[in-house]
Amino acid sequence: MPDASGSSNRASSHKQGQTVTIYSEFAGHIGAILDHLEEAGDLPAGLDRKNVAVEPPRDPSHGDLATNVAMVLAKPAGKNPRELAMIIAPKIARFDSVAGAEVAGPGFINIRLVDDAWREELRAIAAAGENYGRSAMGAGKTVNIEYVSANPTGPLHMGHCRGAVVGDALAGLLEFTGHAVTREYYINDAGGQVDILARSTHLRYREALGEDIGEIPEGLYPGEYLKPVGEALAAEFGDRYAASEETQWLALFREHSVAAMMDLIRADLGLLGIAQEVFASEAAVHAAGKPEAAEAELRKRDLVYDGILEAPKGKTLDDWEPVELPLFRSTRFGDDQDRPIRKSDGSWTYFGADLAYHFQKSQSADMLIDIWGADHAGTVKRIKAAVEALTDGKTEFDVKLVQMVRLLRDGEPVKMSKRSGSFVTLADVVEEVGKDVVRFTMLTRKADAQMDFDFAKVVEASKDNPVFYVQYAHARIRSVHRRAQAEGIEIGGAADLSLLDAEELALVKRAAQFPRIAEAAANAHEPHRIAFYLGDLAAEFHALWNRGNDHPEKRLLVADAPDLTRARLALAEGIGQIIRNGLAIMGVEAVEEME
RNA sequence: GCGCCCGUAGCUCAGCUGGAUAGAGCACGAGACUUCUAAUCUUGAGGCCGCAGGUUCGACUCCUGCCGGGCGCACCA
């Protein structure tokens, strides 16, 4: 028989950063019951329990927990689901924390817990504090997440913002679920774009030396941000390179310009609270001979061959010429076409270097994640093919595509023109609405859905704005805390939680879902789920708060009822803790009070 | 032509990686509150989950084929 000791000391069973939740606890109970049924010969041994789930039912009237165990195992066990459920349910009902377990529908087992189990969960939240919800799901697993990786040719603009936030929040989420995370930025400092940058800087350099450069020519970067770089070069080198051949200065100017741009970019990322620990250089990948090594390896396995590409269809190219190139057999891994890794002049294609770079990353991580703009969707298959080929499919690899953000002001789309350099910079937006608003808002939609960012709406103080609504819930909790202190009410310690009513316990039940939401979000690589969950939690808290409008005796602070007040404050503290933990994953600071 | 993403209430979007009667906000209908725990609250109506098959005890979710919208299809980055 399973140990029927219930959940009496779960609050203290927080260990190794992992929260034991009611759900995981019952998953364990059910596993033990199945073990006993196997030993007794009531179930065949070795059944696949992978799909057995313990979840909150969507309809709260079905109880607190529901399990599909009987339905999942019925067929392989050669039993009727309801009959199997009838065998298991009474064994579940035997636990102290269970008030009832009944079979419902096609074979669900609905479990109703005693109220004390939820009071216990509230204590567990308080005991675990900022660790509540952490899990060991990713223990021992290293994840490399590469995001932003904007070309080092200028400051970040809003096009980069969403990927930056999604990547950083996903990194935080994976850390929360126990993964060892490396945040990485790939500097594209080896292509034609950085040569153009160097030439643009050279122009600014001549300008700094007093030359009249007139209009910035078509094809160069016109931005003012290159002026200080030109000035610095003028100060360092004088007019040494003013009239010399490009070959004399190109590499030097490229190096200086890229370094300066990366300083700008790092500063921009800093405004969002982002600090990646690895900045990997494409040029360094080249210099280290990584593409050559990858090519040799792939040729050995006949995954690279010399061949001729077909002309692209559906598109007429005047200057198309069939050329023999070294091609990677990405079609073998599901791509539509084999892809060249070198150009006809023998130099590496972007893909050729990127392939080698991903191989490099895979050597220090069990799982790779790339965050890309949706405009790169067409290249996902080839890089996935490359990672699979180079790692023999041993490295998990996910490319997360992030859709465009449309900026709106007064309901009208903000016009942006790269040509004139009049894009809205990330720094401008952060300065206008604040880091936390930007970060939260970027997570209010799933990454692969388009999003509008309306300057007015994101700072609106109403329940329509989830950023505000979640922060407001936290501010209310902190406010009531301060008032309680001012009135000399002792917070913390042993509150009598039996004074909490059913509606208040319902809020605890919502809070108790946080750990499984975090795990599910981490598994799906979808940090936006945290934002949606916090919105739901906040709404439920506000509803509870609003009870106090019509019924003063239902307020959190009730005069002349210190014990009741203490119990309700304990509840509020628990909710506040969940909000802080969720916001921390998103990289957003919880506020103490609203403006 | 091929590939990828999307299609859920009038609108904007969720839907916990296959669970029970598909959810929220806005807008709409009805009511409450003239206050300070209302930078509102309660409640109602609203659905062929693009269409058609298939897998399954069970499908918005997975598979196939259509329809419709967006993006991509260079040795660019």
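Being a predicted model, the structure only gives us computed values, none of them experimental. Chain A is the first sequence line, chain B the second, and so forth, proteins listed ahead of strands; every chain is numbered from 1.
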Quiz prompt | Sub-6.0 Å ring centroid separation between A/Tyr357 and A/Tyr186 | solution =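 Centroid separation for A/Tyr357 and A/Tyr186: below 6.0 Å.
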
Quiz item: Under 6.0 Å between the ring centres of A/Phe176 and A/Phe514?
Solution: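 When the ring centroids of A/Phe176 and A/Phe514 are compared, they turn out to be within the sub-6.0 Å range.
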
In whole Å, measure the gap between the [atom1] atoms of [N] and [M] for me.
N: B/G29; M: B/U17; atom1: C1'; result: 38 Å
N: B/U55; M: B/C60; atom1: P; result: 16 Å
N: B/A22; M: B/A14; atom1: C1'; result: 11 Å
N: B/A9; M: B/G47; atom1: C1'; result: 6 Å
N: B/C2; M: B/G19; atom1: P; result: 33 Å

Quiz item: How would you list, by chain and number, every residue that makes a ring-ring contact (aromatic ring centres under 6.0 Å, His included) with A/His62, sequence neighbours excluded?
Solution: none

Quiz prompt | Under 5.5 Å and under 30°: A/His376 stacked on B/A77 | solution = yes

Quiz item: Would you call A/Phe108 stacked on B/G19, i.e. ring centres under 5.5 Å apart with the planes less than 30° off parallel?
Solution: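 The base of B/G19 is not stacked with A/Phe108 (the test needs centres under 5.5 Å and planes under 30°).
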
Quiz item: Out of A/Arg342, A/Arg299, A/Arg329, which residue meets the salt bridge (Lys or Arg N to Asp or Glu O under 4.0 Å) rule with A/Asp306?
Solution: A/Arg299

Enumerate the protein-to-nucleotides 40-44 of chain B contacts in which both atoms are nitrogen or oxygen and the separation is below 3.5 Å.
{"from": "B/U40", "atom 1": "OP2", "to": "A/Lys463", "atom 2": "N", "distance (Å)": "3.4"}

Quiz item: Please, what dot-bracket string fits RNA chain B when only Watson-Crick and G-U pairs with both distances under 3.5 Å count, crossing ones use [ ] and pairs to another strand use |?
Solution: (((((.(..((((.....[...)))).(((((.......))))).....(((((..]....)))))).)))))....

Practice problem: Measure from NZ or CZ of A/Arg339 to the centre of the six-membered ring of A/Phe328 and say whether it is under 6.0 Å with the direction within 45° of the ring axis. | Solution: no

Quiz item: Is the distance from OP1 or OP2 of B/C57 to the nearest side-chain N or O of A/Lys75 less than 4.0 Å?
Solution: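 Yes, A/Lys75 has a side-chain N/O under 4.0 Å of OP1/OP2 on B/C57.
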
Quiz item: Do A/Thr349 and B/C75 share a donor-acceptor pair, side chain to base, under 3.5 Å?
Solution: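 Under the 3.5 Å cut-off, the side chain and the base do not form any donor-acceptor pair.
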
